[in-house]
Amino acid sequence: NRLFNLLDEPEETLDAPDAVDRKTVDGNVTIQDVDFSYVPEKPLIEHLNLQAKSGQRIAIVGPTGCGKTTLINLLMRFYEVNSGAILIDGVETKHMTRHSLRQNFGMVLQETWLKSGTIRENICMGKPDATEEEMILAAKAAHAHAFIQQLPQGYDTEIRDGGNLSQGQKQLLCIARVMLCLPPMLILDEATSSIDTRTEVRIQEAFATMMKGRTSFIVAHRLSTIREADVILVMKDGHIIEQGNHEDLLAAGGFYANLYNSQFEEAV
């Protein structure tokens, strides 16, 4: 039944006739009065506004179901907004080809996705013509080179759906893949939620290197991972209810402060 339901789904709509192919962008993102719902009778995101400047780190936090991942899907045009507009460098994303829009984003998600093949093929997936030196530099920047060298055939080691690697090692490979392409915008969606603390430190170091000079959207449940963000958006029921940096939001004593303090108490 699920297979037939999938086959019956309409194909993704074609690009508009006037869609432009934007090879590179600066990464200035504007969200203007955006509304979105999966079903008409249940509004999810309403009148959402955001201005992200090139190079800023934007963290998105809030309870499950508040619209964090939906916002990421709208940025990537996996879904179309019901009303309003999303612009990159002043151009509406609906006037950009989907291919060029998505090429300008690098994604590292909670669920790692590796194909059956060699380590080399997985890292170079987004840049098949990369040189050996470029690949190794990307792996070193992602703190993945050391464990790759310890594998039986190094970068030519065959993996099958990542089954012979730990969760942290899989994540480091996904980061190396993005490091190799280094697009101007990044999306990190719950990227450290299922790994151990020691590996998380390495991954956070890799993220810090990767985010320099790039507009980054960070979705996180562990609030300790986003204290250095330039702007923290606190979402609830599809709305941004608080906005500011970590210190200002804590001082305000609102929803974010309660959320952060409750996590700290749980950790203690």
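Atom CG in L165 sits 6.5 Å away from atom CG in L151 (nearest 0.5 Å). Going from atom CE of M135 over to atom CD1 of I119 covers 10.0 Å, rounded to the nearest 0.5 Å. Within the model, atoms CE of M185 and CG of D26 stand 10.0 Å from one another, a figure rounded to the nearest 0.5 Å. The CD1 atom of I159 sits 7.5 Å away from atom OG of S116, with the distance rounded to the nearest 0.5 Å. Between atom CG of residue L87 and atom NZ of residue K94 there is a gap of 9.5 Å, rounded to the nearest 0.5 Å. Note that CG of D33 is 13.0 Å distant from CG of L50, once rounded to the nearest 0.5 Å.
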message: If you apply the rule side-chain contact (heavy atoms from CB on, under 4.5 Å), what do you find for F147 with L173, and how did you get there?
response: CA-CA 10 Å; F147 90 79; L173 289 183; 4.0 Å; yes
message: Between C181 and K127, is the side-chain contact (heavy atoms from CB on, under 4.5 Å) condition met? List the steps.
response: CA-CA 7 Å; C181 300; K127 191 178 179 182; 4.2 Å; yes
- prompt: Does the pair Q243 and V231 meet the rule for a side-chain contact (heavy atoms from CB on, under 4.5 Å), with working shown?
  reply: CA-CA 7 Å; Q243 184 170 333; V231 180; 3.7 Å; yes
Salt bridge (Lys or Arg N to Asp or Glu O under 4.0 Å) between R98 and E80, worked out: CA-CA 11 Å; R98 282 187 174 84; E80 300 287 3; 2.8 Å; yes
Trace of the side-chain contact (heavy atoms from CB on, under 4.5 Å) decision for K170 with L172: CA-CA 5 Å; K170 295 177 192 177; L172 292 176; over 6 Å; no
message: Run the side chain to side chain donor-acceptor pair (under 3.5 Å) test on T118 and D156 for me, step by step, so that the C-alpha distance in whole Å, both residues' side-chain angles and the decisive distance to 0.1 Å come before the verdict.
response: CA-CA 5 Å; T118 64; D156 294 311; 5.1 Å; no
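With hydrogens and angles ignored, the 3.5 Å screen pairs no side-chain donor or acceptor of R120 with any backbone N or O of G154. A side-chain donor-acceptor contact under 3.5 Å links Q171 to the backbone of L109. A donor-acceptor pair is defined here as one N or O able to donate and one able to accept, closer than 3.5 Å; such a pair exists between the side chain of R102 and the backbone of M76. When atom types are taken as modelled, the side chain of N122 and the backbone of K115 share a donor-acceptor pair closer than 3.5 angstrom.
For F4, the side chain to side chain contact (heavy atoms under 4.5 Å, CB included) partners are L7, not counting sequence neighbours. Taking T70 as the reference, Y38 meet the side-chain hydrogen bond (donor to acceptor under 3.5 Å, both in side chains) condition, with sequence neighbours excluded. With sequence neighbours left out, E46 forms a side chain to side chain contact (heavy atoms under 4.5 Å, CB included) with D35, P43, H239.
Ring-plane geometry between Y256 and H246 is classed as perpendicular, the angle between the planes exceeding 60 degrees on a 0 to 90 degree scale with a lower cut at 30.
By the rule that hydrophobic residues join a cluster once side-chain heavy atoms approach within less than 4.5 Å of another member, L137 and V108 end up as members of separate clusters.
Within the 4.5 Å cutoff, no side-chain heavy atoms of I31 are placed close to those of L74. Proximity of K68 to F217: side-chain heavy atoms (C-beta onward) are nowhere separated by under 4.5 Å. R57 places none of its side-chain heavy atoms less than 4.5 Å from the side chain of F207. The side-chain heavy atoms of I148 and I123, taken from C-beta on, include a pair separated by under 4.5 Å. Inter-residue side-chain proximity for M211 and R214 is flagged as unmet; no heavy-atom pair is nearer than 4.5 Å. A heavy-atom distance below 4.5 Å is found between the side chains of M179 and T209. R22 places none of its side-chain heavy atoms less than 4.5 Å from the side chain of I88. Taking 4.5 Å as the limit, every side-chain heavy atom of E158 sits out of range of all side-chain heavy atoms of Q153.
Ion pairing between a basic and an acidic side chain is recognised when a charged N comes within 4.0 Å of a carboxylate O; E133 and K140 show no such pairing. Using a 4.0 Å cut-off between a side-chain N of Lys or Arg and a carboxylate O of Asp or Glu, K53 and D230 do not qualify as a salt bridge. Checked for salt-bridge contact, E242 and K236 miss the test: no charged N lies under 4.0 Å from a carboxylate O.
Between V91 and M96, the closest heavy-atom pair is CG1-CG, 3.9 Å. Scanning all heavy atoms of the two residues, the minimum distance from G106 to P183 falls at N-CG, 3.3 Å. Considering all non-hydrogen atoms of both residues, L259 and S262 come closest at O-OG, 2.7 Å. The shortest non-hydrogen separation linking C174 to W113 is SG-N, 4.0 Å. Between L188 and M210, the shortest heavy-atom distance links the atoms CD2-CE, 4.0 Å. Here the closest heavy-atom approach between residue A52 and residue T215 is recorded as CB-CG2, 4.3 Å.
The number of heavy-atom neighbours closer than 6.0 Å to CZ of F78, taken from other residues, nucleotides and ligands shown, is above 12. Within 6.0 Å of atom CG in N1, 12 or fewer heavy atoms from other residues, nucleotides or ligands are found, so the atom counts as exposed in its surroundings.
Of the options I86, I240, V81, a side-chain contact (heavy atoms from CB on, under 4.5 Å) to L48 is made by I240 and by none of the others.
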